[in-house]
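Since the structure comes first, as structure tokens, the remarks are kept for the end.
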Amino acid sequence: MAEMELKSVRKAYGRVEVLRDIDLTIGDGEFVVLVGPSGCGKSTLLRMIAGLEPITGGEFSIGGRCMNDVAPRDRDIAMVFQSYALYPHMSVERNMGFSMEIRREPTARRKGPVAEAAKTLGLDRLLDRFPKALSGGQRQRVAMGRAIVRDPKAFLFDEPLSNLDAALRVEMRLEIARLHQRLGSTMVYVTHDQVEAMTLADRIVVLNAGDIQQVGTPLDLYERPENLFVAQFIGSPNMNVMDAAPGQGGLILGSGAVLAGPEDARHVGIRPEHIEIVEGGGDVTAEAQVVERLGSDTNIYTEVKDIGPLLVRVSGNIALSPGDKVHLRFPPGKVHFFDAGGRAIRAARDKVQ
Amino acid sequence: MTTAHDNHATGMPRSRFGRAYFRYAVEPWLYLSPAVLLICFVMMIPLAIGIAYSVQSINLLKPFDTGYVGLENFAELGDDRKFWRAMTNTFWWTFGSVTLQFFLGLGLALLLSRPFHGKRAVQALVFLPWAVPTFLIALTWSWLLNPVIGPLPHWWAAMGILEEPYNILSNPDTAMWGPIMANVWYGVPFFAITLLAALQSIPHELYEAAEIDGASRWQSFTKITLPFLGPMIAITVMLRAIWIANFADLIYVMTGGGPANSTQILSTYIFTTAFRALDFGYASAIAVALLGVLLVYAAILLFVRAKLVKT
């Protein structure tokens, strides 16, 4: 019903191209997160879906109907803005019921849906308040309530949590996940925070500089990144990347260590949590410089001679102090290989496995 | 430091006229005194003198008949047909000018708030009339309306608005439209500037949110733009109405209150009574009456504005 399809959609401001050849299908009821660094075009893409930005080229359709020239009010979508965009001169109740007020529904009929949405969002006691008398989290809820009351085919979220503090962000993230489970509507969510992307999404779309880098489930992106950008963008802390050159017995790292791998690989990536600390031997020897103890994990910032910094993350607490020498092992199945252009060498890696 | 503090804590009630009293009660007034003195000299004293004149007989043509006459001047107002005529004219002059200025100014502000090529240049040009001296405006408009040298009567006659190209300033039925037109031309930029500033303070996302909620252009205007502009509209309409009610320059230069007092408003009537008939006492009585009318009007508008701001 509310399947959205983008076919080679592009966006340009004059001669500046901000989005190129975007092909994407968003299934009915799917939660898709657009993620990327700032300036990558993710918000522009969302605003084009909403109809707030004209589409320069290509075709966008909802449920098979071309939407390129359809006004936002006729697209049957709701959007939650980063700034919440609550109407400051209206009470919470009127804010939430605004879409019904626009449709000229009688005041009595507006009460029901507003009250219901307010109850699920815990706003029932705030209905008479004005936005300026609400906290950031409450405003966020009102903005979501307004979208729910609209009862749209699809929800769009434009970095909805970036103005909240860390604790509230986690709470609201959960709330949005629950909302999706309860309503089962199509949702498109823009964020630059990859934790939000990983936790909320059915599928993640990674954008960079106007191009789609990869589309996939969160675990797909984590385990099988298609290029260096996705590899380093997804996952926290970031993946370690080392230069490599082909040589005797496989790939030679800067330190002279030899790794088994495809010979056209020029970059080798390994996630901090996949590096093992071993008693002796291992692939490289590193010097610990900073040790961060998080309780559940320990982050060890190490320096390897002729390779550079490597971050190692081990589960739990280990006895290690800055200056200590550690032997690191890169388990063969966990190492990612990339060619000179940054593309993942998938087949070779699978062979190694 | 400690002793000063002790003095303050224990000595306050005893030394009512001591240092502490001076610090807290007198000192602020010392700093305010330049402003207070200025207000006294330019507003309070003239106002008091004006009110004092209104209960006296001060006529330069009858120098030996000067003195306190009580409310005689005001009693005379009641029977003065020219006064009531001027009162009615003041109402129509103010109402016509403010209404036209407001709606044209609002339209102009809405046009100027959307992006278009050469916006800065157009904005600067639009605001130009506000900078033109009123005497110049009055002269220019009276020439424009004069069929001997101005084009307007001929155009109107060609369009069928006038049966023949005559000077509307010379016809008692139409004379008021002349100064009103000049005033509208002069005053539209004021509303355009203030309303444009208010329009630009409305966050853009609100319109986007309303658009997504399904609002049409007109609904966005009535449900978002107007509520935001409301307080600004109330205050500018009030200020302009008071200024225009007191604004004698245009009328005085264009018609001098004529023909047959058909464009005489209270402020021109005050002016002619004081400086032509040289009857300062009676002129002051008219001025006090005008002040009373404007005070009532301002009180009503401030009340309306307070209600608008509350929500």
Side-chain angles (χ1 to χ4, degrees), chain A residues 43 46-53 70-91 94-105 110 128-132 139 142-160 163, chain B residues 102 106 109-111 113-121 194-238 301-311:
Chain A
S43 279
L46 190 79
R47 290 169 58 83
M48 282 158 77
I49 292 174
L52 297 172
E53 292 282 348
V70 176
R73 63 202 201 92
D74 299 320
R75 293 193 184 194
D76 200 10
I77 38 140
M79 183 156 163
V80 177
F81 291 80
Q82 182 178 356
S83 62
Y84 318 136
L86 299 180
Y87 311 119
H89 54 290
M90 300 180 192
S91 65
R94 225 184 125 198
N95 258 292
M96 288 177 49
F98 189 69
S99 57
M100 289 194 282
E101 183 180 329
I102 289 295
R103 276 183 262 133
R104 297 201 173 77
E105 289 195 19
R110 287 182 215 158
D128 297 328
R129 294 246 196 118
F130 283 88
K132 63 169 185 268
R139 286 179 203 183
V142 175
M144 274 166 53
R146 189 169 65 183
I148 295 170
V149 171
R150 173 95 164 83
D151 191 22
K153 278 201 202 118
F155 288 86
L156 309 179
F157 295 90
D158 187 7
E159 308 211 18
N163 288 350
Chain B
F102 168 70
L106 179 61
L110 290 171
L111 283 177
S113 68
R114 40 187 56 242
F116 60 88
H117 196 68
K119 181 172 169 174
R120 276 165 186 275
T194 48
L195 293 178
L196 183 63
L199 275 178
Q200 281 170 344
S201 72
I202 305 175
H204 192 64
E205 288 100 40
L206 293 187
Y207 289 110
E208 294 186 335
E211 214 181 336
I212 284 179
D213 276 340
S216 63
R217 279 268 175 82
W218 176 248
Q219 282 171 322
S220 297
F221 179 72
T222 55
K223 293 194 185 290
I224 293 174
T225 311
L226 277 187
F228 263 87
L229 292 185
M232 184 60 115
I233 290 174
I235 201 82
T236 48
V237 164
M238 180 184 80
L301 248 153
L302 282 176
F303 176 74
V304 171
R305 182 173 183 274
K307 282 197 103 177
L308 277 176
V309 172
K310 215 182 286 164
T311 51

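In what follows, chains are A, B, ... by sequence order, proteins preceding strands, each numbered from 1.
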Does any part of the side chain of A/E101, heavy atoms only, come nearer than 4.5 Å to the side chain of B/D213, both counted from C-beta?
no
Would you check if A/Y87 and B/K223 make a side-chain contact, meaning some heavy-atom pair closer than 4.5 Å?
no
Find the distance between [atom1] ([X]) and [atom2] ([Y]) and round it off to the nearest 0.5 Å.
{"X": "A/L52", "Y": "B/E205", "atom1": "CG", "atom2": "CD", "value": "10.5 Å"}
{"X": "A/F98", "Y": "B/Q219", "atom1": "CZ", "atom2": "CD", "value": "7.0 Å"}
{"X": "A/S83", "Y": "B/E208", "atom1": "OG", "atom2": "CD", "value": "9.0 Å"}

Which atoms of [X] come close to chain B, meaning under 4.5 Å heavy atom to heavy atom: side chain ones, backbone ones, both, or neither?
{"X": "A/R47", "value": "side chain"}
{"X": "A/M100", "value": "neither"}
{"X": "A/L156", "value": "neither"}

Shortest non-hydrogen separation from [X] to [Y] and the atoms involved:
{"X": "A/M79", "Y": "B/I212", "answer": "CB-CD1, 3.5 Å"}
{"X": "A/R146", "Y": "B/A209", "answer": "NH2-CB, 3.6 Å"}
{"X": "B/P227", "Y": "A/H89", "answer": "CB-CD2, 3.4 Å"}

Crowded around B/F303 CZ? As in, over 12 foreign heavy atoms under 6.0 Å?
no
Checking heavy atoms, do the side chain of B/F228, its backbone, both or neither come under 4.5 Å from chain A?
side chain
